[in-house]
Amino acid sequence: MSNTDRLSDKLLNMKGEIEAAITAVCKDLFGIDVHVELTRPDEQFGDYATNVALQLAKQLGKNPREVVESLAEKVRTSLSDKMSETNIAGPGFINLKLSDAALIELSHAAPAKSLSGQEIVAEYSDANPFKVLHAGHVYTTVVGDAVANLLENAGGTVHRVNFGGDVGLHVGKTMWAIMQKLDGETPEKLAEVPEADRAMWMAQRYVEGERAYNDNETAKAEIIEANKHVYQLHAQGDKETPFAQIYWTCRRWSYEAFDAFFARLGTRLEKYYPESEAAQLGLKTVKEHIGSVFEESDGAVVFKAEKYGLHTRVFINQHGLPTYEAKDVGLIARKYEDYHFNRSIIITDNEQKQYMEVVLKAIEQFWPDLAHTTTHISHGKLKLLGGVKMSSRKGNIVRAKEVFEMTAHELKNANRASDDTVMLGAVKYAFLKTRIGGDIIYDPKESIALAGNSGPYLQYAHARARSILKKADTARHPEVDARSKAEIPKQVRNDEPFEPGERSLLRKISEYPEAVDKATRELMPHHICTYLYELAQTFNRFYEHNRVIGDPRQELRLRLVENYAAKLKAGLELLGIAAPDKM
RNA sequence: GCCCGCGUAGCUCAGUGGAUUAGAGCAUCUGUCUUCGGAACAGAGGGUCGGCGGUUCGAAUCCGUCCGCGGGCACCA
């Protein structure tokens with residue numbers, strides 16, 4: 001453990017120490033063990049507040065006022081080294097105001113390393129080969145990335161993986177349409193598809209296959225055959241037949257498109273699990289538990305989950321092929337073989353929510369540990385302002401690329417640089433600032449706004465703070481490169497009393513680890529967005545009313561600016577958003 | 001029909017048991033400043049927190065019920 005880490009661990013415990021001290025006082029005075037959780041009240045009331053007196057009064061059957069008075073008195077003495085004020089307020093709250101020294105300490109604390117030593121698998125994105133990457137993939141990937149970042153930041157070893165359908169009915173549909181287009185099993189004709197058009201070309205085939213499947217009985221039968229053919233090809237390790245050549249070439253095209261997409265988003269996936277690799281294991285596992293967990297019904301193998309308040313789902317269809325359910329059974333085993341995870345996170349759209357409950361309930365019957373350490377997070381759909389509905393089956397979808405294009409277009413309209421740093425900052429922040437779960441409505445225009453709660457606003461706020469620091473430094477060392485001569489002391493001294501504006505800023509800065517811890521605990525990145533925006537607002541207020549450069553308090557204020565900029569940058573990076581020094 | 005989820009200002013959203021005035025941003029209106037990158041700051045108007053009933057010292061938050069919207073409910077993923 002490095003010195004910095006040790007320092008952080010000590011500092012981050014301050015809130016815990018205060019809570020423990022209050023718990024001890026309660027025990028001492030009333031003999032009751034209460035759960036003390038400090039909250040952050042309105043600034044006018046203090047830095048922390050607790051309502052334990054109200055909890056105690058209830059348990060003791062006493063008047064809250066009576067309880068709070070004796071309690072506050074004891075808390076005051078017990079915490080005199082950290083608090084400058086301890087007040088009673090309202091129906092029985094105790095408000096605590098940190099001493100300047102304690103506040104300074106807290107402002108250098110780091111988020112908790114609560115997941116140290118944990119192996120964690122985070123599955124997200126779930127892009128499917130043989131289908132197009134659409135706007136929803138951008139959303140789910142951005143959310144997954146942010147959640148994975150949180151877990152990693154808390155000390156976990158995170159393995160980011162994608163699970164995609166390289167086998168299954170959609171592949172049958174696409175393969176069928178490709179062969180229609182190529183006039184048969186003629187892989188050599190694939191060379192005629194220009195490289196740049198490959199993804200779109202395959203997406204069109206999928207739409208044709210989907211339409212034929214629904215409208216034409218003959219085609220439907222052929223597609224079902226094509227689907228089986230794909231499974232056979234995997235079972236036999238076939239790479240040579242014309243059909244197989246088409247399949248492998250097109251699958252490679254898909255993976256190449258994924259690589260480019262993830263690279264652009266800055267996502268570093270460790271592994272693509274193709275369904276073909278999970279299918280056999282899933283099939284085998286499900287078959288082993290027929291009779292005990294699964295049962296046969298109408299020629300299919302199903303799990304009847306009604307006794308658990310859920311519904312029945314098919315794991316093996318009447319053609320003997322594993323459905324998505326069985327593949328998920330195989331996948332969870334593969335993940336465990338590969339990573340021996342302590343915890344597994346799966347992030348998908350809400351429409352998979354009840355599906356996943358059934359699958360996990362089935363898995364719980366034979367691999368309880370794997371089921372119990374798996375958490376499914378589901379999010380809503382991405383919609384565009386104006387309410388465009390998207391379906392890859394019908395082909396009227398917004399492609400992933402188009403999300404980037406429309407955002408870049410807005411930047412150009414506003415006469416601003418439309419490079420990926422700002423464009424992705426806008427997209428990612430807009431996707432992350434609302435709580436995971438509900439549908440989100442994306443307004444490209446709002447996402448790039450420099451006034452308001454947006455990614456570029458925070459990026460700009462950071463650049464502006466860096467610019468102040470650079471300017472101060474250049475003033476001190478006009479003849480040398482400022483970056484190599486940064487001399488602002490990192491720590492504010494413990495004996496420096498603050499002016500109100502300075503203190504407000506420092507108070508907000510000190511909330512950083514609490515915001516990150518909350519986001520990590522709940523796996524909800526939006527808490528970080530809310531915090532960062534409030535932080536930037538607090539800074540603007542401070543900066544409007546307090547001169548930094550040239551003021552007698554310059555050195556102290558520069559250290560505040562530096563700490564503020566560091567928090568902004570760290571927070572943005574947790575969200576997967578770059579924080580450049582200049583814009 | 002059954003099962004999940006959601007319903008907070010004109011719009012987009014925080015807040016999910018606590019404190020006078022339910023908070024932001026955008027939009028609307030007013031004011032400040034010959035700017036440390038004003039891409040700012042200060043302020044105003046705008047809300048029966050979907051309706052009704054209940055639990056609680058205290059409910060946007062918990063429970064019940066109704067309404068509205070979205071999703072799921074056997075061989076798609």
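The shown structure was predicted, so the numbers you read here are calculated from the model rather than taken from an experiment. Both backbone and side-chain heavy atoms feed into the values below; hydrogens, waters and symmetry mates do not. Below, read A as the first sequence line, B as the second, and so on, with proteins coming before strands; counting in each chain starts at 1.
In this structure, the ring of A:F261 has its center no less than 6.0 angstrom from the ring center of A:F258. Proximity of the aromatic rings of A:Y533 and A:Y457 is defined here by a centroid distance below 6.0 angstrom, and this criterion is met. Between A:Y139 and A:H379, the distance separating the two ring centers is shorter than 6.0 angstrom. The aromatic ring centroids of A:H234 and A:Y247 lie less than 6.0 Å from each other.
Checking the phosphate oxygens (OP1, OP2) of B:A40, no side-chain nitrogen or oxygen of A:H545 falls inside 4.0 Å. Side-chain nitrogen and oxygen atoms of A:R313 include none within less than 4.0 Å of the OP1 or OP2 phosphate oxygen of B:A74. Within the 4.0 Å cut-off from OP1 or OP2 of B:G15, at least one side-chain nitrogen or oxygen of A:R435 is found. Side-chain nitrogen and oxygen atoms of A:K381 include none within less than 4.0 Å of the OP1 or OP2 phosphate oxygen of B:G70. For A:R541, a side-chain nitrogen or oxygen approaches OP1 or OP2 of B:A42 to under 4.0 Å. For B:G37, one of the phosphate oxygens OP1 or OP2 lies less than 4.0 angstrom from a side-chain nitrogen or oxygen of A:S467.
Taking for each of A:Q537 and A:N540 the nucleotide of RNA chain B with the nearest heavy atom, the 5'-most of the two is the partner of A:Q537. When the nearest nucleotides of RNA chain B are assigned to A:I94 and A:E351 by heavy-atom distance, the more 5′-ward of the two goes with A:I94.
Rounded to the nearest Å, the gap between the P atom of B:C29 and that of B:U34 is 24 Å. Distance check on atom C1': B:G15 versus B:G54 gives 24 Å, rounded to whole Å. The separation of B:G17 from B:A60, taken at their P atoms, amounts to 13 Å, rounded to a whole angstrom. For B:A27 and B:A39, the P atoms lie 14 Å apart once the distance is rounded to whole Å. Separation of the P atoms belonging to B:G50 and B:G31 is 37 Å when rounded to the nearest angstrom. B:U20 and B:C36 have their C1' atoms separated by 38 Å, with the value rounded to a whole Å. The separation of B:A24 from B:A14, taken at their P atoms, amounts to 16 Å, rounded to a whole angstrom.
In this entry B:A60 has no Watson-Crick or G-U wobble partner, no candidate having both defining distances under 3.5 Å. Under the Watson-Crick and G-U wobble criteria, each requiring two contacts below 3.5 Å, nucleotide B:G68 is paired to B:C6. B:C73 is paired with B:G1 under the criterion used here, namely a Watson-Crick or G-U wobble arrangement in which both key atom distances are under 3.5 Å. Judged by Watson-Crick or G-U wobble contacts below 3.5 Å, the nucleotide B:U55 has no partner. Nucleotide B:U32 forms a pair with B:A40, judged by Watson-Crick or G-U wobble geometry with both contacts under 3.5 Å. Taking a pair to require two hydrogen-bonding distances under 3.5 Å in either a Watson-Crick or a G-U wobble arrangement, B:A24 pairs with B:U12.
Between the side chains of A:H137 and A:S125, no donor N or O sits under 3.5 Å from an acceptor N or O. In this structure, a donor-acceptor pair under 3.5 Å is absent between the side chains of A:T141 and A:Y124.
Look at A:E562 and A:R466 and you find a salt bridge, because one of the NZ, NE, NH1 or NH2 atoms lies within 4.0 Å of a carboxylate O, short of that distance. At a threshold of 4.0 Å, the pair A:R503-A:D47 counts as salt-bridged, since one of the basic side-chain nitrogens sits closer than that to a carboxylate oxygen. Between A:R435 and A:E522 there is a salt bridge, since a side-chain N of the basic residue sits under 4.0 Å from a carboxylate O of the acidic one.
Side-chain to base pairing of A:Q318 with B:C75: one donor and one acceptor N or O lie within less than 3.5 Å of each other. Donor-acceptor pairing under 3.5 Å, judged by distance alone, is present between the side chain of A:Y543 and the base of B:C36. Taking only distance into account, the side chain of A:N350 never meets the base of B:G71 through a donor-acceptor pair shorter than 3.5 Å. A donor N or O paired with an acceptor N or O is not found under 3.5 Å between the base of B:A77 and the side-chain atoms of A:T323.
Out of B:A74, B:G71, B:A40, the shortest distance to the side chain of A:Y457 is found at B:A40. Of all nucleotides listed (B:G18, B:C57, B:C73), B:G18 comes nearest to the side chain of A:F93. Distance from the side chain of A:L54 is smallest for B:G18 among the nucleotides B:U12, B:G18, B:A19. Listed nucleotides B:C75, B:A77, B:C36 differ in distance to A:E275; the shortest reach to its side chain belongs to B:A77. Nearest to the side-chain atoms of A:V314 among the listed nucleotides B:C75, B:A14, B:A77 stands B:C75. Of the candidate nucleotides B:G37, B:A19, B:C4, B:C4 has the atom lying nearest to any side-chain atom of A:K353. Listed nucleotides B:G37, B:C75, B:A77 differ in distance to A:Y460; the shortest reach to its side chain belongs to B:G37. Each of B:C76, B:G18, B:U12 was ranked by its minimum atom distance to the side chain of A:I441; first place goes to B:U12. Closest to the side chain of A:A451, out of B:A40, B:A19, B:A42, is B:A40. Checking B:C41, B:G71, B:U12 against the side-chain heavy atoms of A:E446 singles out B:U12 as nearest.
A:E522 comes within 4.0 angstrom of nothing in the nucleic acid, heavy atoms only. A:R464 comes within 4.0 angstrom of a nucleotide base, judged by non-hydrogen atoms across all strands. At the heavy-atom level, A:T39 lies nowhere under 4.0 Å from the strands shown. Within the nucleic acid shown, A:N95 comes within 4.0 Å of at least one base atom, counting heavy atoms only. Residue-level contact check: A:G168 touches the backbone only, with heavy atoms under 4.0 Å from sugar-phosphate atoms and none from bases. Across all strands, A:T434 comes closer than 4.0 Å only to sugar-phosphate atoms, never to a base (heavy-atom distances). Contacts of A:D443 with the nucleic acid, taken as non-hydrogen atoms under 4.0 Å apart, are absent. Within 4.0 Å of A:H319, counting heavy atoms only, lies no atom of the nucleic acid at all. Residue A:N546 is in base contact, counting any heavy-atom pair closer than 4.0 Å across all strands shown. Counting non-hydrogen atoms under 4.0 angstrom, A:F315 reaches nothing in the nucleic acid. Among the protein residues, A:A57 comes within range of no part of the nucleic acid, since none of its heavy atoms lies under 4.0 Å from any strand. A:D349 comes within contact range of no nucleotide atom at all, as no heavy-atom separation falls under 4.0 Å. When heavy atoms are screened at a 4.0 angstrom cut-off, A:P456 is found touching no nucleic acid atom at all. Using a 4.0 Å heavy-atom cutoff across all strands shown, A:A461 reaches no nucleic acid atom at all.
Nucleotide B:C41 holds its P atom 14 Å from the CZ atom of A:F542, rounded to whole Å. Whole-Å rounding puts the A:N162 CG to B:A77 P distance at 16 Å. Taking atom CG of residue A:N453 and atom C1' of nucleotide B:C26, one finds them 10 Å apart after rounding to whole Å.
Within the cation-pi definition used here (under 6.0 Å to the ring centroid, within 45° of the axis), A:R313 does not qualify as a partner of A:Y355.
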